[in-house]
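Quick notes on the structure that follows.
Just so it is clear, the values below take in all heavy atoms, side chains as well, and ignore hydrogens, waters and symmetry mates. Note that the coordinates shown come from a computational prediction; the quantities given were computed from them, not determined experimentally. All ligand and atom numbering here is 1-based and tracks the order in the structure.
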Amino acid sequence: MTSPFHSRLPYGERVPADPLLGRPFFPFDGDVQVVPLAEPVIPEPPRAGEPGGQDCPTCVAPEQQAIWGDEQWLLKAFEPTGLPIVTLLVPREHYRLDNLPPALTATLGPMIQRVAGAVREIEGVGRTHFNRWGDGSEHFHVWFLARPLGMMQLRGAMIAAWDDLLPRIPTEEFAANARTVARSLATISGEPLGIASAS
Ligand SMILES: [Zn+2]
């Protein structure tokens with residue numbers, strides 16, 4: 001095995017769910033079972049956009065499902081889900097975080113601030129969560145999730161689970177929320193795209 005961390009784990013077994021049960025942010029109760037712990041896969045299978053992996057969806061169709069874009073960045077929103085909106089910030093060109101050019105990296109902080117602020121302009125949104133995982137696609141991307149005002153169970157990382165659990169918002173409301181976000185961003189740079197460009 002590759003590290004002390006890897007070698008001490010109980011592969012094939014179910015670790016207890018107890019540490020999470022009853023926590024204020026954990027969305028399940030009752031008889032919760034953790035899935036058996038899988039063996040590591042090393043080397044890891046290629047991600048989309050890596051040699052041997054699937055084509056990079058952003059490079060194949062850059063503006064597909066984009067709701068806003070400027071010369072450097074695109075913001076995508078895929079479909080109605082349980083939250084007011086979930087969006088994805090991606091550079092137009094294919095980079096990873098570690099090879100993002102310095103000039104583009106310098107605009108990432110302002111973009112995070114702008115997208116977070118734009119999402120918060122949607123009625124009923126209390127906070128914008130954002131995170132970078134990067135396990136599915138090599139093309140650098142940051143997720144933004146709208147946390148509804150006052151919904152204290154949705155604080156923290158489990159908001160991604162709540163996004164799947166809550167009833168899907170209506171398509172019209174999703175499009176209106178996308179327009180709110182895109183128009184806010186367009187006040188500084190770029191323009192609304194796709195569903196956000198309709199009047
Ligand atoms: Zn790409």
Open item on the list: So, applying side chain to side chain contact (heavy atoms under 4.5 Å, CB included) with Lys76, which one of Ile67, Thr58, Thr87 is it?
Closed with: Thr58
TODO: Kindly give the atom name of the N, O or S atom of His94 closest to the Zn ion (ligand 1).
DONE: ND1
Task: Minimum heavy-atom distance His129-Gly156, with the two atoms named - done: CE1-N, 3.5 Å
- [ ] Might you point out which heavy atoms bring Val34 and Arg14 nearest each other, and give the distance in Å?
- [x] O-NH1, 3.0 Å
TODO: Can you tell me, to 10 degrees, how wide the angle at the Zn ion (ligand 1) is between SG on Cys59 and SG on Cys56?
DONE: 120°
- [ ] Write the atom name of the N, O or S atom in His139 that is nearest the Zn ion (ligand 1).
- [x] ND1
TODO: Kindly assign one of parallel, tilted or perpendicular to the pair Trp73 and Phe140, based on the angle between their ring planes and the thresholds 30° and 60°.
DONE: perpendicular
